[in-house]
A.B. asks: 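Quick one: the structure is below, questions incoming.
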Amino acid sequence: MSEKRASSIKVASFNINGIKARLPRLIEWLEETQPDIACLQEIKTQDEGFPAADFAAIGYEAIWHGQKGFNGVAILARGERPVEVQRGLAGEPEDEHSRYLEADVMGLRVVCIYLPNGNPQPGPKFDYKLRWMERLKTRMAQIAAEEVPALVIGDYNVIPRDNDIWSTRAMADDALMQPESRAAYRRLLHAGWTDALGLLNPRGGVYTFWDYQAGAWQRDHGFRIDHALLSPELADRLVAAGVDKTYRGREKASDHAPVWVSIAEHA
DNA sequence: ATGTCAACACTTTGTTGA
């Protein structure tokens, strides 16, 4: 039987908040939603602990960039192994956080990011977040110059607009919605990238994160911080985008829900 | 003020990071 994909490619992103604690949930989600490409953040494991065999058993090959205790990103693809292009961002050699992984897969340049949270602000963590965003912008400009069909997907830890959160007042002092964070995010878009979920949901109210505390999920006290930014060519090929919201309500859930985009396959 | 969760360590309870 010849390998033939559907007429579109589904690329998903899931901040799983610990790949060891969440592996059954993750396998379940992959099998039920069948993304062609899946980008993971906060795997919270060293490279040696990455459960590649569990993914291979259900048809996914992977590359990963782990770290002890926190952070960590991975790119999975169904039936083929992503070809790594770069891990980590240039510009700050002393930065050892595992937050950036870039690969070529299924004809796309796929960048998986876990952008720094930045709390508390002001402070060194917030400064690191803003510097990281500048470094990301620099890399995204290089990718754009290559004119490859590309997307940068993952946990941006930025709430872009007031209608992307249940209450602006509740988070007014948080690093995720400071004017500087939003301005840095807009600078990414101004360089020609399209926020797929934001574009398709101009009225807002579509969330990707609900805190574990204070009954945030039950009250729908969420916000949108997981984003897929598409290069101009991919923006033209955008078919659909969404959030797998129900997975936030399952047992032992991550505090994030998966997001996905569907891209028309090239003729 | 903070109602949660995961990983780690001088580990069974406190610290860090979210």
Side-chain angles (χ1 to χ4, degrees), chain A residues 13-29 39-51 54 64-74 88 92 94-101 112-133 136 153-160 164-178 180-182 184-185 207-227 243 245-259:
Chain A
S13 173
F14 196 176
N15 179 321
I16 50 163
N17 187 18
I19 206 166
K20 293 171 189 165
R22 217 82 61 196
L23 189 59
R25 290 285 86 85
L26 184 54
I27 297 288
E28 187 177 279
W29 167 72
C39 296
L40 309 178
Q41 303 87 36
E42 284 204 88
I43 62 174
K44 294 186 175 179
T45 181
Q46 290 170 296
D47 284 340
E48 308 84 76
F50 188 83
D54 294 273
W64 57 93
H65 188 196
Q67 182 175 350
K68 190 175 186 176
F70 65 119
N71 300 328
V73 287
E92 205 165 314
E94 63 277 23
D95 179 9
E96 293 183 339
H97 287 199
S98 297
R99 300 180 174 276
Y100 183 98
L101 191 57
C112 176
I113 68 161
Y114 174 48
L115 204 146
N117 175 295
N119 281 303
Q121 75 80 29
K125 290 188 177 180
F126 189 60
D127 297 339
Y128 171 60
K129 175 187 192 131
L130 297 179
R131 289 200 309 276
W132 204 93
M133 292 183 83
L136 176 63
I153 190 168
D155 179 358
Y156 280 73
N157 270 316
V158 175
I159 301 162
D164 291 317
I165 181 167
W166 65 282
S167 162
T168 53
R169 202 176 136 193
M171 292 279 285
D173 296 327
D174 197 280
L176 276 55
M177 56 173 287
Q178 289 313 295
E180 298 95 324
S181 307
R182 287 179 161 181
Y185 183 78
Y207 307 141
T208 69
F209 173 93
W210 295 260
D211 200 281
Y212 287 123
Q213 297 187 68
W217 167 248
Q218 289 76 10
R219 300 175 189 197
D220 200 27
H221 288 181
F223 37 88
R224 189 171 72 92
I225 53 175
D226 298 271
H227 309 306
V243 180
K245 186 175 177 180
T246 59
Y247 288 84
R248 178 62 182 83
R250 296 206 176 176
E251 289 296 310
K252 290 278 289 177
S254 169
D255 42 6
H256 293 249
V259 302

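The sequence lines fix the lettering, A, B, ..., with proteins before strands; numbering per chain opens at 1.
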A.B. asks: Calculate the interatomic distance between A:Met171 atom CE and B:dA18 atom C1'; express it in whole Å.
C.D. replies: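 That distance rounds to 11 Å.
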A.B. asks: Say you pick atom P in B:dT16 and the same atom in B:dT11; how far apart are they, in whole Å?
C.D. replies: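 So the two P atoms sit 16 Å from each other.
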A.B. asks: Kindly state which residues belonging to residues 216-227 of chain A come within less than 4.0 angstrom of DNA chain B, counting heavy atoms of the residue only, listed by number.
C.D. replies: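 Nucleic-acid contacts, sorted: A:Arg219.
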A.B. asks: Provide the full list of salt bridge (charged side-chain N to carboxylate O under 4.0 Å, His left out) pairs with a residue in residues 119-132 of chain A, sequence neighbours left out, each pair given once.
C.D. replies: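 Pairs touching residues 119-132 of chain A that pass the test: A:Glu92-A:Arg131.
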A.B. asks: A:Phe223: what forms a ring-ring contact (aromatic ring centres under 6.0 Å, His included) with it, not counting sequence neighbours?
C.D. replies: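 For A:Phe223 the ring-ring contact (aromatic ring centres under 6.0 Å, His included) partners, ignoring immediate neighbours, are A:Phe209.
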A.B. asks: Give A:Arg25 one of three labels, base, sugar-phosphate or nothing, depending on what nucleic acid heavy atoms sit under 4.0 Å from its own.
C.D. replies: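 Contact class for A:Arg25: none.
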A.B. asks: Among residues at least two apart in sequence or on other chains, which ones pass salt bridge (charged side-chain N to carboxylate O under 4.0 Å, His left out) with A:Arg25?
C.D. replies: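 Partners of A:Arg25 by the salt bridge (charged side-chain N to carboxylate O under 4.0 Å, His left out) criterion, ordered by chain and then number, come out as A:Glu28.
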A.B. asks: Give one of base, sugar-phosphate or nothing for A:Tyr114, where a contact means two heavy atoms less than 4.0 Å apart.
C.D. replies: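 Sugar-phosphate: the residue A:Tyr114, judged by heavy atoms under 4.0 Å, touches backbone atoms but no base.
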A.B. asks: Take atom CZ of A:Arg99 and atom P of B:dG17, then tell me their distance rounded to the nearest Å.
C.D. replies: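 Between P of B:dG17 and CZ of A:Arg99: 11 Å.
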A.B. asks: Test of understanding: with salt bridge (charged side-chain N to carboxylate O under 4.0 Å, His left out), list the residues that count as partners of A:Glu180, not counting sequence neighbours.
C.D. replies: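 Counting only residues at least two positions away or on another chain, A:Glu180 forms no salt bridge (charged side-chain N to carboxylate O under 4.0 Å, His left out).
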A.B. asks: Separation of A:Asn71 atom CG from B:dT16 atom C1', in whole Å?
C.D. replies: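 For the pair A:Asn71 CG and B:dT16 C1', the rounded distance is 12 Å.
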A.B. asks: Quick one, give me the B/S/- string for nucleotides 4-10 of chain B, reading 5' to 3', where B means a protein heavy atom under 4.0 Å from the base and S means that only happens at the primed atoms, P, OP1 or OP2.
C.D. replies: BSSSSS-
A.B. asks: Please determine whether the number of non-hydrogen atoms from other residues, nucleotides or ligands lying under 6.0 Å from atom CD of A:Glu94 exceeds 12.
C.D. replies: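 Yes.
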A.B. asks: Is the gap between the ring centers of A:Phe14 and A:Trp29 under 6.0 Å?
C.D. replies: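 Yes; A:Trp29 has its ring centre under 6.0 Å from that of A:Phe14.
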A.B. asks: Could you tell me which residues satisfy ring-ring contact (aromatic ring centres under 6.0 Å, His included) with A:His97, sequence neighbours excluded, listed by chain and number?
C.D. replies: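 Only A:Phe70, A:Tyr128 meet the ring-ring contact (aromatic ring centres under 6.0 Å, His included) criterion with A:His97.
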A.B. asks: If you measure from the P atom in B:dA1 to the same atom in B:dA6, how many Å do you get, rounded?
C.D. replies: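 Rounded to whole Å, the distance is 26 Å.
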A.B. asks: Would you measure the distance from the C1' atom in B:dG3 across to the matching atom in B:dC10 and give it in whole Å?
C.D. replies: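 The same atom, C1', in both gives a distance of 32 Å.
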A.B. asks: Output all residues satisfying salt bridge (charged side-chain N to carboxylate O under 4.0 Å, His left out) with A:Arg99, sequence neighbours left out; order by chain, then residue number.
C.D. replies: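 Salt bridge (charged side-chain N to carboxylate O under 4.0 Å, His left out) list for A:Arg99, sorted by chain: empty.
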A.B. asks: Would you kindly give the CD-to-P distance between A:Glu42 and B:dT16, to the nearest whole Å?
C.D. replies: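 Between P of B:dT16 and CD of A:Glu42: 18 Å.
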A.B. asks: Could I get the full list of side-chain hydrogen bond (donor to acceptor under 3.5 Å, both in side chains) partners for A:Arg182, not counting sequence neighbours?
C.D. replies: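 A:Arg182: side-chain hydrogen bond (donor to acceptor under 3.5 Å, both in side chains) contacts with A:Asp162.
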